[in-house]
Amino acid sequence: MPQTAPQRAAELRRLIDDANHRYHVLDEPAIPDAEYDRLLRELAALEAADPSLLTPDSPTLRVGDAPSGKFAAVQHAVPMLSLGNAFSDEEVAEFVARIVRETGEDAPVFSVEPKFDGLAISLRYEDGLFVRGATRGDGATGEDVTANLRTVKAIPLRLRDPDGAGVPAVLEVRGEVYMPRAGFEAYNAWALAHGAKPMANPRNGAAGSLRQLDPAVTAKRPLAFFAYSLGEVVGARLPATHSEALAWLRSLGLPVSPLVECATGLDGVLDYYRRIGAARDALPYDIDGVVYKLDSHELQADLGFVSRAPRWAIAHKFPAQEEATVVESIEVNVGRTGAVTPWVLMQPVHVGGVTVTRATLHNADQVARLDVRVGDSVIVRRAGDVIPEVVRVIPERRPEGTTPWRMPERCPACGSEIVREAGEVVARCSGELVCPAQRVQGLFHFASRRAMDIEGLGERLIQALVDFGQVQSIADLYRLGVDDFVEMKRRADERDGTTPETVKAGKVATKWAENLVAAIERSREATLERFLFALGIEHVGESTAKALAAWFGDLDRIRRAPWPLFKRVPDIGDEVARALGHFLDQPGNQAVIDALLAAGVRITDAHPPSPKLREGLTLAQLLADLGIPKLTPLRAKQLADAFPDAATLLDQEPHNFVIAGLPDEAAASIAGWLSDDANARLLLAAATMQAELLAALPEGEAAAGPLDGVTVVITGTLESMGRDEAKAKLEALGAKVSGSVSKKTGFLVAGAEAGSKLAKATELGIEVWDEARLLAFLEAQS
DNA sequence: GCACCTCGAGTTCC
DNA sequence: CTCGAGGTGC
């Protein structure tokens, strides 16, 4: 009896679905690809002829819906977790020991699985039907990529019900979408042949494919999926263990990695780590480690969470991938401070997912330690999985006739002598003001986001401005107009032989230059700390600039302050104070500041000096800060008690210092020091400035902030605000926000994807706040 | 004088 | 992220 169209459509769906399941879940393909395609086309034809036959779980939908425009936000019913990381056996041992300690289980059982290098997603099934899929996002909110996920054949559009017991009313499945290596390579071969952009690595390929606005594009990408955990479940009894949950998922038709096992205790998980590590290269997909999850759900619940990471699971990462390549040349860069940094140019090599061609060698000592020479084969890895680094050379592959590398004697940019101070590690170009490389870097720093934040003023344009003599100092930037920038870019393009598209089309684009001029205009309004940081004074980074601004409050006072006064600011000592003084002593630098002010740069947040300065504004403190030999703080105090002010002190005969209680040699030392005119002037100038600061101090005490004296560290990604914003808010309450966790850290604010800092805080027993706690705290303070 | 924190500076790739 | 070195407390 011939089938009706609805019957045939149902049968086709079953056949196609079955083929998918066998291929992706059971890993035993049953029908040839051509046969599969034929079934799919037949079903599509039936559905086209009679749209009522089209069901929401039809495999024909996998070809992709119409482009959606953008992705909607999806709240995860149960947050998607991140995992703590372990990079060594010792860290794993600590993890296991903690679990043994806290659960009382001598030999805890773990469910162990590879850590797939793809994109974490969540799939939602309602009454067995795939209704929504979302990216992980920040863990709480992801992006709706349902249409794209529908095209992934490994993802069932309808759950199976193997024993007829029914499927859960709601099932959220978490897992990883990844791109198999074979598919990745095939795609790149195709891309190369068709002029499309090849993918950097399978992981980026998977991520990029899922973020396609047009699902039809995603449908053509070779994506696959493994499920590894549960989210929200309604209408089913949860298995007691994670391994049983995975078996259940597999029975519902979801692909679960065949490499999942159970392992007992530390020995068990480490054995698994080594076996998977050995098999890693032979796997058809990339993995970057293995994951250990305490198997018992009951024990998991006992252990709970730290921030967003469960305390019952950990990712044991493989060591950073290392690769060999050949050194083509060793070059040097000249930085803003004149520091000459050697780096290697290498033949391109794939390491940890990206192509690497250069790596820094830091300094001459490092080059000597490694003994890197041009022509050497070297091992490269990505430190912390990001920054390329030369690990060592392969001595047996060294060609004949190489010689050790030597620091050039002259600066490649200006020809000045390169000098290395005794005891210093860095070599510096002595060209200072004449060196174009230092000038370019100084300008680049001035314009950088954390300084004056001039968007669009990139290194290449700055290089052209300097090379063609348009800009000598940072103040010159404020004289340039749209035409100047357009002309500079034209000449730079001409010189470098790069012709932009717009010129080929016969037009000259000026919009970017207008934006740039507007950005420069905006930068005329600056806070004192940004301005000080932007000047690029040696040893004055963001943090020091902020402290200086907070304590002195006013640019004019800082410009005129003799250097010993800078030591009143916490964390500024002799070296930094003298560097500041040296900078301000240069007439050229003062002229640049004058020129900036004349160009309309305005400090928007001038304020009186900090009341916290008050107790330091004494003659005793000043004498102690001057660095007079043999004058200890105690002796400085004796002098200050004996003489009312600096002028009186200068009038004294040496024996009066002895009368004041100083030992002979200290008295002689200070008398000798004061007899130098320059020293006497410094003392008087500093005393005068102290008086000026005292007079400018506001009445009363500094307002006490709730976080005064508390050091806070922020890590991970916050969803409600940027890190900078959180930092500013905490600082407004008196906290000191620092970058590294130590014993002194008051508490750590941990956002999503917190890494080593969270681990360190846990190790040190430092209080950890999640974002909700931070928000609640900020709310309570406002 | 030493140990321990921090900060500054330079850096890679997409 | 890493290294070097400045600042500070013991």
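All chains are named by letter (A, B, ...) in the order of the sequence lines, taking the proteins before the strands, and each is independently numbered beginning at 1. Not measured: the values here are computed from a predicted model.
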Hey, can you pull the residues of residues 628-635 of chain A with a non-hydrogen atom under 4.0 angstrom from DNA chain C? none
Which residues share a side-chain hydrogen bond (donor to acceptor under 3.5 Å, both in side chains) with A:E417, sequence neighbours left out: none
Under the rule for ring pair (Phe, Tyr, Trp, His ring centres under 6.0 Å), what residues qualify as partners of A:F116, not counting sequence neighbours? A:F226, A:Y285
In residues 541-551 of chain A, what residues come within less than 4.0 Å of DNA chain B, judged by heavy atoms? A:G541, A:E542, A:S543, A:T544
A:R336: which residues meet the salt bridge (charged side-chain N to carboxylate O under 4.0 Å, His left out) condition with it, sequence neighbours left out? none
A:W343 six-ring centre to A:R358 NZ/CZ under 6.0 Å and within 45° of normal: yes
Name all pairs fulfilling the salt bridge (charged side-chain N to carboxylate O under 4.0 Å, His left out) condition that reach into residues 441-454 of chain A, sequence neighbours left out, sorted by first residue then second. A:R449-A:D724, A:R450-A:E542, A:R450-A:D724
Just checking A:V356: base, sugar-phosphate only, or nothing, at a heavy-atom cut-off of under 4.0 Å? sugar-phosphate
Closer than 4.0 Å, any side-chain N/O of A:T357 to the OP1 or OP2 of B:dC13? yes
Whether the A:R568 and A:Q690 side chains hold a donor-acceptor pair (N or O, under 3.5 Å, no angle test) is what I'd like checked. yes
Return the set of residues passing ring pair (Phe, Tyr, Trp, His ring centres under 6.0 Å) with A:H445 (not counting sequence neighbours), or none when no residue passes. A:F533
Taking only residues two or more places apart in sequence, or in another chain, which ones meet A:K546 in a salt bridge (charged side-chain N to carboxylate O under 4.0 Å, His left out)? A:E529, A:E731
Please determine whether a side-chain nitrogen or oxygen atom of A:N333 lies at a distance below 4.0 Å from atom OP1 or OP2 of B:dT11. yes
By salt bridge (charged side-chain N to carboxylate O under 4.0 Å, His left out) - contacts of A:R428 (at least two apart): A:E424
Quick one, which residues of residues 335-343 of chain A touch DNA chain B with a heavy atom under 4.0 Å? A:G335, A:R336, A:T337, A:A339, A:T341
Would you tabulate the pairs of protein nitrogen or oxygen atoms and nucleotide nitrogen or oxygen atoms of nucleotides 6-10 of chain C closer than 3.5 angstrom?
unit_1	atom_1	unit_2	atom_2	d
C:dG7	OP1	A:G573	N	2.6
C:dG7	OP1	A:G573	O	3.4
C:dG7	OP1	A:V576	N	3.3
C:dG7	OP2	A:E575	N	3.4
C:dT8	OP1	A:D571	N	2.8

The salt bridge (charged side-chain N to carboxylate O under 4.0 Å, His left out) partners of A:R420 (sequence neighbours excluded) come to A:D365
Is it the case that the side chains of A:Q621 and A:E615 hold a donor-acceptor pair, with the cut-off being a distance below 3.5 Å and no angle test? no
